[in-house]
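Below is one structure, written out as structure tokens; the observations come after it.
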2 protein chains.
Amino acid sequence: MPRSDEHEGGRVYARPALSATPPTLADVAERAGVSRQTVSNAVNNPDLLRPDTLTRVLESIDALGYSPNRAARNLRTRSSNLIGMRIGAAQEGTANATMDRFVHSLVETSREAGYHVLLFSGDSRDPVAGYDDLLRSTAVDAFVVTDTYLGNPQAAWLEERRAPFVAFGRPWESLGSRHSWVDVDGAAGTELGTRHLLDKGHHRIAWIGWRKDSRIGEDRRSGWTRAMHERGLPTTGLASRVEDTVASGREASAHLLDSAQPSAFVCASDTLAMGVLHTLRDRGLRAGEHVAVVGFDDSQVAQVVSPGLTSVRQPLEEVAVEVVAALEGLLAHPPVRGTGVMLAPTLAVRGSS
Amino acid sequence: MPRSDEHEGGRVYARPALSATPPTLADVAERAGVSRQTVSNAVNNPDLLRPDTLTRVLESIDALGYSPNRAARNLRTRSSNLIGMRIGAAQEGTANATMDRFVHSLVETSREAGYHVLLFSGDSRDPVAGYDDLLRSTAVDAFVVTDTYLGNPQAAWLEERRAPFVAFGRPWESLGSRHSWVDVDGAAGTELGTRHLLDKGHHRIAWIGWRKDSRIGEDRRSGWTRAMHERGLPTTGLASRVEDTVASGREASAHLLDSAQPSAFVCASDTLAMGVLHTLRDRGLRAGEHVAVVGFDDSQVAQVVSPGLTSVRQPLEEVAVEVVAALEGLLAHPPVRGTGVMLAPTLAVRGSS
DNA sequence: GGGGGCCGCTTGATCGATCCAATGACACCA
DNA sequence: TGGTGTCATTGGATCGATCAAGCGGCCCCC
């Protein structure tokens, strides 16, 4: 049984938001005594209208609670004002937490630029499945690609289809890639952390990073070696490359303490740094007093763990701003050649150093 | 200057994905020698076609790489297959981390139901601004509302406009609300945690929770009192209500240790539990040996901190499934009366207990 | 044998916006 | 006064899908 306030079929202008069907451009036009196109102009190119006409139209828009129908607009303009972003499987880790911080910033920045963020999840078997669907159905205007790690085919695939996208992460492999990207200088981050420790008087500073096939890991490692060599300090025997888990960090730090007696650790992630803290605790050593520790990512964990973990913080808000700026450029002009933006991280100093 | 592979204006069927304009329904129809509607049916109601026609059409769809234009479909069907979800300002905290886990699950579950998730950010001043825009422009089919805390006007506002939505969080206040919701039984969670401690032989179990005006906090607290009273144990003098910060948890636990000598703590959040761990560390007490601690949310922190924080884990994957199921019901049938689903959390036992 | 119903498919209209070409109004200047 | 140019505004066409109605062919049954 239809409810009494819906059965008329007509629109209830007195309470616009409650009406069954939202008002259309034509409704506004009729009420304001102008044509549809004029209303459209009032919304999209207000300068084209005479001031008095404009106010009259805007008044009607306001009174009716009109908002352009997204689908109709999208159909006509061939754009959706949506930015697609794939989120990986819910593996809980610090990398994920970083991504979430980025997503927040991206959503906020996109809003200011008139875009919304559409999230989709990928099939782990077919990494381009989600992209393909959205692209062919013209559901999104562009993509933000976040997982540009070693051998990831998405960037190349999108590039081949001329799909507009910006990567968060530099194109490590493909030299011929011409897409835009934004990245954080990981090496600069670890260099910052290492220098911070050097300035505190440490000389034997160890590195715990990821396996050699991780380009990101090797990049971060290079910041440590650079800072050490700069001061003429040796790095041999002070480095370890392991999996990105707390247990690995724990083991690696125990080994290093025994073999090389470092007074400080710089780690490729907060997860590994947590492992170091565990080892210190096992041995009755105090982080920040006896041995200093620096992590990477400035995760939630770094902030709440005792005595606070000094960590490299990526400027994700800036990354989001740059990504959106690049996207806007991409969508406004024909994509000639991509731009690359490298941002510098900062160091959040806490009790562990 | 137009590129050589784009200047013809026609479609390059040999390499469908590279063509400037994607193929349309009409293109498929022409190639398959049928009408547009038949192609439409092949996509949406395959049963209506004769098997041989169907295969012929599908073959053409495949060959052209056709995928229905989202905008056109949305315009005609008045639906977008998008679910809107607002994410709050990027206050970094465990609540946020929980939300991120939920978002992941929601995206995944939505995909299986044929929906995508559209994220938008709210203006903190006007909590319904984002909702209003999306609703009036018919950009989303429904909303998932996550912040249904005390005095939150969104649910009531959406209800009034007859906007389809499902809340993650029960309607604490409004008794007259008729919307669907899914929630996790927080009281059952703390009860679980408290019983776990009781079974371990603890008798004096303290509570550290949030201020009294938090309905969620009071709910979680009730689980603790219920479990205690069930065994005939007193709770007076064993509870503290503070802000949700590590520092507050630290202070509150120090006070309680001095005043009531509890042997265990149950906390309304992992953040507070971390504060307890700090206090124990300050006093040379070992979590899990001398004093047991149970947190809430099973955050990243709980998993990596030493010696591991026992914590109540919300079944967010299930929540997402129920939310999407409720949404599907809502969009399929006329919204008669909302349903409420209450899910039970589990306990992730770790070294702290 | 003729009417009714179903099947498989087609045709024209439609959703609500913007694009495009054209029109009316108006001012200016010769 | 009439021509010209500018500006605000108009009406029709269009984007690409689905809806609604209808059509011919076939079978069935009275």
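Letters A, B, ... are given to chains in the order of the sequence lines, protein chains preceding strands, and every chain is numbered from 1.
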Round to the nearest Å and state the distance from A/E30 atom CD to C/dG16 atom C1'.
-> 15 Å
Once you round it to whole Å, what is the distance between P of D/dA8 and CG of A/D52?
-> 11 Å
Below 6.0 angstrom between ring centroids: does that apply to B/Y131 and B/F120?
-> yes
Which residue, B/G33 or A/L75, contacts DNA chain C at a nucleotide closer to its 5' end, judged by nearest heavy atom?
-> B/G33
Is the closest side-chain donor-acceptor distance between A/R136 and B/N69 under 3.5 Å?
-> no
To the nearest angstrom, how far is A/Q37 atom CD from C/dA21 atom C1'?
-> 11 Å
Length of the line joining A/R136:CZ and D/dA17:C1', which is rounded to integer Å = 17 Å
Indicate the atoms forming the closest heavy-atom contact of A/S67 with B/S137, along with that distance.
-> OG-CB, 3.8 Å
Closest nucleotide among C/dA17, D/dA17, C/dT10 to the B/Y66 side chain = D/dA17
Side-chain N or O of A/S40 less than 4.0 angstrom from OP1 or OP2 on C/dT18?
-> yes
Can you figure out which of C/dG16, D/dA17, D/dT9 approaches the side chain of A/T53 most closely?
-> D/dT9
Length of the CZ-P vector between A/R70 and D/dG16, whole Å = 20 Å
Is there a side-chain contact between A/V103 and A/M85 (heavy atoms, below 4.5 Å)?
-> yes
Do the side-chain N or O atoms of B/T77 get closer than 4.0 angstrom to the phosphate oxygens (OP1, OP2) of D/dA17?
-> no
Could you tell me the separation between the CZ atom of B/R73 and the P atom of C/dT14, rounded to a whole number of Å?
-> 22 Å
Under 3.5 Å donor-acceptor pair, A/R36 side-chain atoms to C/dT18 base atoms = yes
Is there a donor and acceptor pair closer than 3.5 Å between the side chain of B/R76 and the base of C/dG16?
-> no
Atom-to-atom span, CZ of B/R50 to P of D/dC26 - whole angstrom | 11 Å
Do B/V319 and B/D183 have side-chain heavy atoms sitting under 4.5 Å apart?
-> no
Taking OP1 and OP2 of D/dA17, is either one under 4.0 Å from a side-chain nitrogen or oxygen of B/N74?
-> no
Of B/A72 and B/S35, the one whose closest DNA chain C nucleotide lies more 5' | B/S35
How close or far is atom C1' of C/dC9 from atom CG of B/D47, stated in whole angstroms?
-> 15 Å
Phosphate-side-chain proximity, A/N44 and C/dT18, N/O vs OP1/OP2 below 4.0 Å = yes
